[in-house]
Amino acid sequence: MRPPLKLSAKLTLAAAVAAAGFGAASDALAQGRYDRIARRDADVTPAGADASFNNDRRFEQDSYGYNTPSITTLPSNLDPRKVASALETFSREMNSLYAVLRAEERNVPSLRSYLVEVQGYGVDADLLARDLKTAQSVARHEAELRELDSGWNRTSRRLISIPNLSRTAEQAIRTVDAATKNVESSLDIGGPTLDRKALVETAVLLRSAVRYLSDTIEFTDAIPSSTERNALRINCNQARQQADRMYGLVFDAARPDRNYLIEEYRNFTQLMNPVIAKLRGNADRNLGRDVRNVQEYQRKFADLLLIDRGIDRDQLGYMVADLQQDVERFFDNTTLELLRDIPRNEEALASGNAFWGTFANFTDTIENSQDPADWSYAYGFIDEQWRDFRNIFSEINSEQARADLKEIEAGMNALRESLNLTGSFDRGAVADLAAQIETNAASIKRDAESWLRQSRPSYINTARADLVDYELKSRAFHEAVVNGRPLSELRQMENDLFEQWKLVYGHIKNCDTRERAYLASSARVTTPAFREVQVALAK
């Protein structure tokens with residue numbers, strides 16, 4: 001049953017004024033058809049990977065000692081065949097999990113964005129197993145093995161927390177977890193691997209976010225009491241010092257174990273959470289933004305430490321109230337003239353009305369139900385109406401209004417993450433990856449052209465045409481991401497671009513001149529970038 005639609009006083013007034021300007025939006029409730037189209041477009045499967053493309057990694061490995069750690073931390077007497085056997089079991093169980101999740105994704109849409117990740121883990125494990133069967137030592141593959149272990153351990157915790165997951169899916173996840181422990185046992189590492197690099201990066205972002213929050217507290221007019229302001233800044237400074245300590249610990253060569261780092265993280269939350277609690281409900285937008293940033297990096301750090309994430313009901317209520325303020329601010333800054341210029345202006349206010357009503361429904365749900373599955377169900381209405389709201393107002397001719405929309409989107413992302421649902425589509429992150437792919441495409445084309453001129457293979461004209469097409473498509477994809485093209489269009493463009501990359505890869509792996517090392521270096525950066533883009537676009 002759909003939630004009741006409630007309109008704030010400000011939106012009601014706006015509706016009355018707008019009705020006189022361009023007529024009541026009597027047909028606006030037909031927006032459901034747009035929702036159905038959006039759901040249909042989102043119902044896509046991850047881009048498949050060609051078997052021959054995935055299985056041929058020697059091209060990337062032969063140059064510069066690919067993925068060889070500078071200092072190995074694994075025991076020197078490990079049996080590569082034993083590790084390979086454990087990886088084969090892991091890959092087999094991962095493929096079974098993928099089949100289970102595919103069968104459930106229609107009933108649990110939150111699973112969709114994990115399909116590419118799960119498929120990727122299975123492929124990576126299978127390739128590593130093949131390499132280790134003929135390897136003399138495990139050390140060469142330590143970085144890849146640890147990345148596989150830490151990546152799956154994080155994904156596992158996210159998956160198992162998704163509401164409405166069937167017992168079959170839960171059992172399949174636990175089976176992969178058991179296979180992961182066998183891999184860890186074969187490596188004699190005694191427990192889950194932590195992604196130290198990501199922990200260092202997140203610790204830096206966390207302490208910066210706390211510092212920015214402290215600066216905003218100092219200069220905002222929304223905290224009239226100097227005593228309260230100073231107390232908050234002192235607490236922020238203490239939390240930032242603890243974030244500095246966590247950074248030092250994860251960067252330290254001594255590498256404290258996971259339990260020690262978890263204890264340090266809990267010390268940080270004990271310092272930071274009271275500050276966040278005192279700032280809840282404050283109308284200052286900058287404070288709300290800075291609080292969201294701190295909470296986001298807190299969640300990421302906890303995720304990297306493999307801490308099971310609970311759902312804070314009080315925090316959810318705060319986030320919804322913050323979103324409501326952002327929506328009211330958006331309409332405060334949006335004039336009737338701006339609304340008239342929107343292509344779907346006859347639906348604009350009805351969409352705002354529906355979006356607002358979902359907040360009230362969500363608030364009622366978290367107040368009256370103890371079941372997180374009910375909260376996730378109520379959130380689904382917010383997300384559904386948000387997509388329509390964003391599509392309608394994204395073309396508004398106002399920089400301030402577009403900035404307000406970005407604030408609402410940030411709040412939506414934070415709410416989604418707090419519910420342990422799938423990550424949201426981060427257009428900025430995808431734009432960075434698309435830029436990386438485009439830059440590498442230009443380098444690959446330059447180096448490949450040098451090779452082709454020297455070797456003159458029989459397929460030289462085909463190779464040149466494929467390289468030009470790949471560079472053009474990579475540029476077009478980057479521009480489409482930056483220009484805000486819809487997800488359905490980006491998915492198709494990325495799929496075409498990835499197929500073109502496989503053609504290019506098939507050419508450049510045959511390079512037999514000095515450019516081979518440069519091409520291999522570009523290739524081993526490009527393929528992971530595609531995988532990250534595919535994961536992001538599946539959300």
Interatomic spacing from CG in Leu497 to OG in Ser474 - rounded to 0.5 Å: 6.0 Å

Spacing of Glu93 atom CD and Ser96 atom OG [to the nearest 0.5 Å]: 5.0 Å

Ion pair Lys300/Glu201, N-O distance below 4.0 Å: no

Decide yes or no for Leu433 and Phe530: does some side-chain heavy atom of the first lie under 4.5 Å from some side-chain heavy atom of the second? no

Side-chain donor or acceptor of Ser450 paired with backbone N/O of Arg446 under 3.5 Å: no

Just wondering, are more than 12 heavy atoms of other shown residues or ligands nearer than 6.0 Å to NZ in Lys473? yes

Flag, side chain of Ser455 to backbone of Pro457, donor-acceptor distance under 3.5 Å: no

How far apart are the C-alpha atoms of Arg299 and Glu296, what are their side-chain angles, what is the distance that settles it, and do they pass the salt bridge (Lys or Arg N to Asp or Glu O under 4.0 Å) test? CA-CA 5 Å; Arg299 285 192 297 270; Glu296 176 186 355; 5.8 Å; no

Side chains of Ile189 and Asp149: does their closest heavy-atom pair fall under 4.5 Å? yes

What residue pairs, at least two apart or across chains, pass ring-ring contact (aromatic ring centres under 6.0 Å, His included) with a residue in residues 429-460? Tyr459-His507

What are the two closest non-hydrogen atoms of Met94 and Gly122, and how far apart are they? CG-N, 3.6 Å

Output yes when Arg130 and Asp126 qualify as a salt bridge under the 4.0 Å nitrogen-oxygen rule, no when they do not. yes

Do we see a donor-acceptor contact under 3.5 Å between the side chains of Asp177 and Ser156? yes

Go through Ile437 and Val533 one step at a time and tell me if the side-chain contact (heavy atoms from CB on, under 4.5 Å) criterion holds. CA-CA 10 Å; Ile437 291 171; Val533 170; 4.3 Å; yes

Correct closest heavy-atom pair for Ile160 and Leu165 would be CA-CD2, 4.2 Å

Output yes when a side-chain donor or acceptor of Ser214 lies under 3.5 Å from a complementary backbone atom of Val210, and no otherwise. no

Can you find a heavy atom in the side chain of Leu213 that is under 4.5 Å from one in the side chain of Met272? yes

Gln242: partners by side chain to side chain donor-acceptor pair (under 3.5 Å), with sequence neighbours left out: Glu264

How long is the gap from CE on Met246 to CG on Leu206, to the nearest 0.5 Å? 5.0 Å

Working to the nearest 0.5 angstrom, can you tell me the gap between Gln298 CD and Thr269 OG1? 6.5 Å

Short N-O contact, Asp124 and Arg531, less than 4.0 angstrom: yes

So which atom in Thr202 and which in Phe301 form the shortest heavy-atom distance, rounded to 0.1 Å? CG2-N, 3.8 Å

Short question: side chain of Thr155, backbone of Gly151 - any donor-acceptor pair under 3.5 Å? yes

N/O donor-acceptor pair under 3.5 Å between Arg258 side chain and Leu305 backbone: yes

Ignoring hydrogens and geometry beyond distance, is a side-chain donor-acceptor pair present between Gln500 and Asp496 at under 3.5 Å? no

Between Arg157 and Asn153 (side chain of the first, backbone of the second, donor and acceptor by atom type, cut-off under 3.5 Å), is there such a pair? yes

Partner residues of Tyr297 under the ring-ring contact (aromatic ring centres under 6.0 Å, His included) criterion, sequence neighbours left out: none

Contact check, side chains of Leu261 and Leu249, non-hydrogen atoms, under 4.5 Å: yes

Which residues share a ring-ring contact (aromatic ring centres under 6.0 Å, His included) with Tyr470, sequence neighbours left out: Trp501

Just wondering, do Glu409 and Trp386 contact through their side chains at under 4.5 Å, heavy atoms? yes

Contact summary for Ala480 and Met493, nearest pair of heavy atoms: CB-SD, 3.7 Å

Intermediate values then yes/no, side-chain contact (heavy atoms from CB on, under 4.5 Å), Glu117 and Arg158: CA-CA 12 Å; Glu117 289 184 51; Arg158 294 176 191 150; 4.2 Å; yes

Counting only N and O atoms by type, is there a donor-acceptor contact under 3.5 Å from the side chain of Tyr121 to the main-chain atoms of Phe90? no

N/O donor-acceptor pair under 3.5 Å between Arg491 side chain and Gln534 backbone: no

Do the charged groups of Arg146 and Asp195 touch, with an N to O distance under 4.0 Å? no

For Ser91 against Ala125, the heavy-atom pair lying closest together: CB-CB, 3.9 Å

Rounded to the nearest 0.5 Å, what's the gap from CG on Asn440 to NZ on Lys445? Could you check? 14.5 Å

Atom pair CG/OG of Leu78 and Ser137 - distance to nearest 0.5 Å: 8.0 Å

Check the pair Leu205, Asn293 against side-chain contact (heavy atoms from CB on, under 4.5 Å), reporting the backbone distance first and the verdict last. CA-CA 9 Å; Leu205 294 170; Asn293 288 339; over 6 Å; no

I want to check something: taking the side chain as every heavy atom from C-beta on, are Val138 and Asp79 in contact at a cut-off of under 4.5 Å? no

For Tyr518, run the side chain to side chain donor-acceptor pair (under 3.5 Å) check against Arg514, Glu515, Arg516 and tell me which one passes. Arg514

Pair up each side-chain donor or acceptor in residues 80-87 with any protein partner under 3.5 Å, not counting sequence neighbours, and list the distances.
none

Taken in chain and number order and not counting sequence neighbours, the residues that satisfy side chain to side chain donor-acceptor pair (under 3.5 Å) with Asp383 are Tyr379, Arg387, Arg416

Return yes if some donor-acceptor pair links the side-chain N/O of Ser150 with the main-chain N/O of Glu147 below 3.5 Å, else return no. yes

Cation-pi check for Tyr247 against Arg207: NZ or CZ below 6.0 Å from the six-membered ring centre and within 45 degrees of the axis, yes or no? yes

Hey, does the side chain of Ser185 reach the backbone of Asn182 with a donor-acceptor pair shorter than 3.5 angstrom? no

State, with a plain yes or no, whether a side-chain heavy atom of Thr526 is found less than 4.5 Å away from one of Tyr505. no

Quick check on side-chain contact (heavy atoms from CB on, under 4.5 Å): which of Val275, Asn267, Leu271 does Gln238 satisfy it with? Leu271

Evaluate the side-chain proximity of Arg154 to Leu304: yes if any heavy-atom separation is below 4.5 Å, no if none is. yes

